[in-house]
Amino acid sequence: MAGPLRVAVIGAGWAGLAAAVRATQAGHAVTVFETAGMPGGRARSDDGSDAATDNGQHILLGGYARTLALMRDVGVDVDRALLRVPLRVTYADDTGFALSPRGLRLVAAANALIGARGFGLVDKLSAVAMSLHWMLRSFRCDPTLTVDALLRDAPTARVHRRLIEPLCVAALNTPSAEASAEVFLAVMRDSLFGARDASDLLLPQRPLAQLLPLPALAWLRAHGATLHLRRRVASIEAAGAAWRIAASAEAGDLRNPDGPFDQVVLATPAPEAARLTQALAPAWAACAAALAHEPIVTVTLNSPRRRWAAPMLALDSDLDARPAQFAFKLGEQPARSDRATLVVSAAGPWLVRGSDVVAAAIVGQYRAAFGIGADEAVDVVSVRADKRATFRCTAGVVRPPRDILPGLRAAADYVAGPYPATLEGAVLAGEAAAIAVGIQSEIAR
Ligand SMILES: Cc1cc2nc3c(=O)[nH]c(=O)nc-3n(C[C@H](O)[C@H](O)[C@H](O)COP(=O)(O)OP(=O)(O)OC[C@H]3O[C@@H](n4cnc5c(N)ncnc54)[C@H](O)[C@@H]3O)c2cc1C
């Protein structure tokens, strides 16, 4: 009988960590290679301390079932690490939609939409009609449709601007004029119209490193996995039916190739996956390389205290003077109680003007939204711009499949799947790759 497989996981973001934990649980001998000194990839913190800064504000949803299960499996107390609040698209002036429907889906969704504050009856009825329309079509549509094209005849302009656009840009990091309606509907189906509590917001109460990356690393270490941090994989070579991996240490010295490995899980971002597979699988590499990316800018402010109706508030945004779509107040984190974090998704048009311009515009936007006069100080604590935050989830976008070659598969948020680039999408992709390793292992027996 064949023994456990030797599995290399390249990249210790949330996808790679998911693949490594699940493959280790299945009894395989796992080796992880990660370029950075800290695991977590795009959802990482600068260090492991309670005061660490994250690479941008992240929120999870109640429907992130696989991510929450993985966090629990590596020993995270999910209820303490995440603050659960009902999803509301509430604006600073207290208008908005409360969107965590309970009970019967359509009735509850209709109730939630009709109970919106600051919207007229026509707006509310148009939102209900839109929901009914989606449900009757089982949340399916032509994959080449954009969100705007899907909503051509409904709802009202106000519902579109103050509900659909913020939800779309937050979930897909792509403006509704270009965003994939198919993926948007999948997100709506599994969150707002999904299982009870699926649409709840789960707001991190700890730095991201403590939510999964560091606990997963400790779990892997304790369960016998080999971990190589600060080891960038330079190349993957086929060695008969197996694989060898050449990785360099931080100083740049190329080590003798590691391996052989029976299976490789490639959990890097798409451009790096394309580079590593160019010679092995040119068509797959070309598909990965063709994905376009979209930035997210996160600006943290120190600001005078104001009453916030919810820890996450929507902001009216535009391309002239108001970059941010959402503001977060993480009052539960004592070290940050005076801090507000503002997020600019689909930030490409803003970032070309420069980070300083974005930050200055955000301070102005924040003052106007919260009625803070010129006599009160609003200081910029940090500006983080991630130029390749996610792939652009446009209508008809072709995402590369999971399987690259026998024994070589991709696991990351851009791999073909129902969801946009999210933590849950990354974890699902990592787990799918680990399951595929298991199936190959069964065949080998
Ligand atoms: C600012 C920002 C805000 C976001 N907000 C949210 C949110 O609110 N909710 C949500 O669900 N998602 C959010 N996302 C998206 C989410 O962070 C990503 O979808 C997810 O982290 C992707 O995980 P991944 O494992 O697929 O890839 P990555 O996180 O990119 O991990 C890839 C890893 O591979 C490593 N690597 C690369 N090349 C090599 C190599 N040659 N050798 C070894 N290692 C290598 C990298 O260092 C990295 O650690 C946000 C992203 C950003 C940037």
Side-chain angles (χ1 to χ4, degrees), residues 8-20 31-44 53-61 63-64 66-68 82 169-173 187 191 201-204 208-209 211-213 216-217 227-236 245-250 258 264-277 293-299 312 325-326 328 341-347 383-391 393 410-415 417 419-431 433:
V9 176
I10 305 175
W14 289 48
L17 291 169
T31 303
V32 179
F33 297 88
E34 166 57 50
T35 303
M38 281 286 285
R42 277 165 279 162
R44 68 179 182 280
T53 304
D54 292 336
N55 179 45
Q57 174 71 46
H58 279 65
I59 54 173
L60 289 76
L61 292 177
Y64 281 16
R66 297 313 313 160
T67 306
L68 298 175
L82 298 167
V169 88
L172 274 65
N173 194 27
V187 173
S191 54
L201 288 177
L202 306 178
L203 301 171
L208 286 168
L211 294 191
L212 180 74
L217 216 61
L227 305 173
H228 296 306
L229 295 180
R230 296 190 184 84
R231 291 278 300 277
R232 176 173 183 264
V233 169
S235 64
I236 306 169
I245 284 176
S248 60
E250 208 173 23
D258 287 83
V264 176
V265 175
L266 188 47
T268 69
E272 184 66 354
R275 185 188 70 78
L276 287 168
T277 54
H293 290 83
E294 189 65 44
I296 297 179
V297 179
T298 311
V299 176
M312 180 185 95
Q325 298 95 6
F326 285 97
F328 296 84
T341 298
L342 281 81
V343 175
V344 190
S345 295
V383 180
R384 315 264 307 203
D386 195 316
K387 289 186 180 153
R388 284 180 174 166
T390 69
F391 73 90
C393 193
D413 62 356
Y414 67 86
V415 171
Y419 298 129
T422 57
L423 298 173
E424 181 74 355
V427 168
L428 273 168
E431 292 193 334

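For ligands, and for the atoms within them, numbers begin at 1 and follow the listed sequence. None of the values given here were measured: they were computed from a predicted structure. Hydrogens, waters and symmetry mates play no part in the numbers below; they use all other heavy atoms, side chains included.
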Chemist: In sequence, state the C-alpha distance, the side-chain angles, and the governing distance for Arg231 and Asp258, and then conclude on side-chain contact (heavy atoms from CB on, under 4.5 Å).
Modeler: CA-CA 11 Å; Arg231 291 278 300 277; Asp258 287 83; 2.9 Å; yes

Chemist: Decide whether the shortest distance between a heavy atom of Gln57 and an atom of ligand 1 is less than 4.0 Å.
Modeler: yes

Chemist: Any nitrogen or oxygen of Thr298, main chain or side chain, under 3.5 Å from a nitrogen or oxygen of ligand 1?
Modeler: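 Looking only at distances, the answer is no, because the N/O contact criterion of under 3.5 Å is not met.
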
Chemist: Starting from atom 25 (O) of ligand 1, find the nearest protein heavy-atom neighbour and note its residue, name and distance.
Modeler: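 Ranking protein heavy atoms by distance from atom 25 (O) of ligand 1, first comes Ala15 N, 3.0 Å.
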
Chemist: Can you pull out the closest protein heavy atom to atom 41 (N) of ligand 1? Residue, atom name and distance to 0.1 Å, please.
Modeler: Glu272 OE2, 2.7 Å

Chemist: Determine, considering heavy atoms only, which of Leu423, Leu229, Ile59, Val297 sits nearest to atom 8 (O) of ligand 1.
Modeler: Ile59

Chemist: So does Ala346 get a backbone contact from the side chain of Asn173, meaning a donor-acceptor N/O pair under 3.5 Å?
Modeler: yes

Chemist: Does a side-chain heavy-atom distance below 4.5 Å link Arg384 with Thr53?
Modeler: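 The answer is yes; the side chains approach within 4.5 Å.
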
Chemist: Can you tell me how far apart CE (Met38) and CG (Asn55) are? Round to the nearest 0.5 Å.
Modeler: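 That separation rounds to 11.5 Å.
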
Chemist: Report the part of Thr422 in contact with ligand 1, treating N, CA, C, O as backbone and CB onward as side chain, heavy atoms under 4.0 Å; options are side chain, backbone, both, neither.
Modeler: both

Chemist: Within this structure, what is the CE-OG1 distance for the pair Met312 and Thr341, rounded to the nearest 0.5 Å?
Modeler: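 Met312 atom CE to Thr341 atom OG1 measures 13.0 Å (nearest 0.5 Å).
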
Chemist: When you look at Leu423 and Leu211, which way does the side-chain contact (heavy atoms from CB on, under 4.5 Å) test go after all the steps?
Modeler: CA-CA 11 Å; Leu423 298 173; Leu211 294 191; over 6 Å; no

Chemist: Just which atoms of ligand 1 are under 4.0 Å from any heavy atom in Ala412?
Modeler: 26 (O)

Chemist: What atoms of ligand 1 come closer than 4.0 angstrom to any heavy atom of Trp14?
Modeler: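 Contacts of ligand 1 toward Trp14, numbered from 1: 25 (O).
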
Chemist: For atom 1 (C) of ligand 1, which protein heavy atom lies nearest, and how many Å away is it?
Modeler: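 The protein heavy atom lying closest is Asn55 O, 3.5 Å.
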
Chemist: Using heavy-atom distances, let me know which of Val415, Ile10, Asp413 sits nearest atom 26 (O) of ligand 1.
Modeler: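 That would be Asp413.
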
Chemist: Taking the non-hydrogen atoms of Tyr64, is any one of them nearer than 4.0 angstrom to ligand 1?
Modeler: yes

Chemist: Write out the residue and atom name of the closest protein heavy atom to atom 31 (O) of ligand 1, then the distance separating them to 0.1 Å.
Modeler: Gly13 CA, 3.4 Å

Chemist: What part of Arg231, side chain from CB on, backbone N/CA/C/O, both or neither, has a heavy atom under 4.0 Å from ligand 1?
Modeler: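 For Arg231, the contact with ligand 1 is made by the backbone alone.
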
Chemist: Quick check on contacts: which atoms of ligand 1 are under 4.0 angstrom from a heavy atom of Asp386?
Modeler: 53 (C)

Chemist: Report the distance from atom CG of Leu212 to atom CZ of Arg44, rounding to the nearest 0.5 Å.
Modeler: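 Answer for the CG-CZ pair, Leu212 versus Arg44, is 15.0 Å.
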
Chemist: Within the 4.0 Å heavy-atom shell around Gly11, which atoms of ligand 1 are there?
Modeler: 33 (C), 34 (O), 35 (C), 44 (N)

Chemist: Do me a favour and list the nearest non-hydrogen protein atom to atom 23 (O) of ligand 1 with residue, atom name and distance?
Modeler: Ala426 CB, 3.6 Å

Chemist: What atoms in ligand 1 come closer than 4.0 Å to a heavy atom of Ala421?
Modeler: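 Close to Ala421: 15 (C), 19 (O).
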
Chemist: For a 4.5 angstrom cut-off between non-hydrogen side-chain atoms, does Leu202 reach Tyr64?
Modeler: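 Contact flag for Leu202/Tyr64 side chains = no.
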
Chemist: Does any part of the side chain of Thr298, heavy atoms only, come nearer than 4.5 Å to the side chain of Asp54, both counted from C-beta?
Modeler: no

Chemist: Specify the protein heavy atom at minimum distance from atom 43 (C) of ligand 1: its residue, its atom name, and the distance to 0.1 Å.
Modeler: Thr35 OG1, 3.3 Å

Chemist: Just to confirm my output: which protein heavy-atom neighbour is closest to atom 27 (O) of ligand 1, and how far is it?
Modeler: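 Going atom by atom, the protein heavy atom closest to atom 27 (O) of ligand 1 ends up being Arg42 NH2, 3.0 Å.
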
Chemist: Among His58, Lys387, Glu424, Arg275, which one puts a heavy atom closest to atom 13 (C) of ligand 1?
Modeler: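 Going through His58, Lys387, Glu424, Arg275 one by one, His58 has the nearest heavy atom to atom 13 (C) of ligand 1.
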
Chemist: Under the criterion side chain to side chain contact (heavy atoms under 4.5 Å, CB included), which of Asp413, Leu68, Leu61, Thr67 is the partner of Glu424?
Modeler: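 Answer after filtering Asp413, Leu68, Leu61, Thr67: Thr67.
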
Chemist: For atom 47 (O) of ligand 1, find the nearest protein heavy atom and state the residue, atom name and distance (0.1 Å precision).
Modeler: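 Minimum-distance protein heavy atom for atom 47 (O) of ligand 1 reads Glu34 OE2, 2.5 Å.
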
Chemist: Just by modelled atom types, is the Ser248 backbone N or O under 3.5 Å from a matching donor or acceptor in the Arg232 side chain?
Modeler: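 A pair under 3.5 Å: no.
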
Chemist: Quick one: does Arg275's side chain have a donor or acceptor within less than 3.5 Å of a partner on Ala234's backbone?
Modeler: yes

Chemist: Checking the side chain of Ser345 only, and the main-chain atoms of Ile296 only, is there a donor and an acceptor separated by less than 3.5 Å?
Modeler: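 No, Ser345 side chain to Ile296 backbone: no donor-acceptor pair under 3.5 Å.
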
Chemist: Where does Ala267 meet ligand 1, judged by heavy-atom distances below 4.0 Å: at the side chain, the backbone, both, or neither?
Modeler: backbone

Chemist: When only distance counts, is Ala389 in polar contact with ligand 1, meaning an N/O pair under 3.5 Å?
Modeler: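 No - when backbone and side-chain N and O of Ala389 are compared with those of ligand 1, no distance drops under 3.5 Å.
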
Chemist: Using a 3.5 Å distance criterion without hydrogens, assess whether the side chain of Trp14 forms a donor-acceptor pair with backbone atoms of Ala43.
Modeler: yes

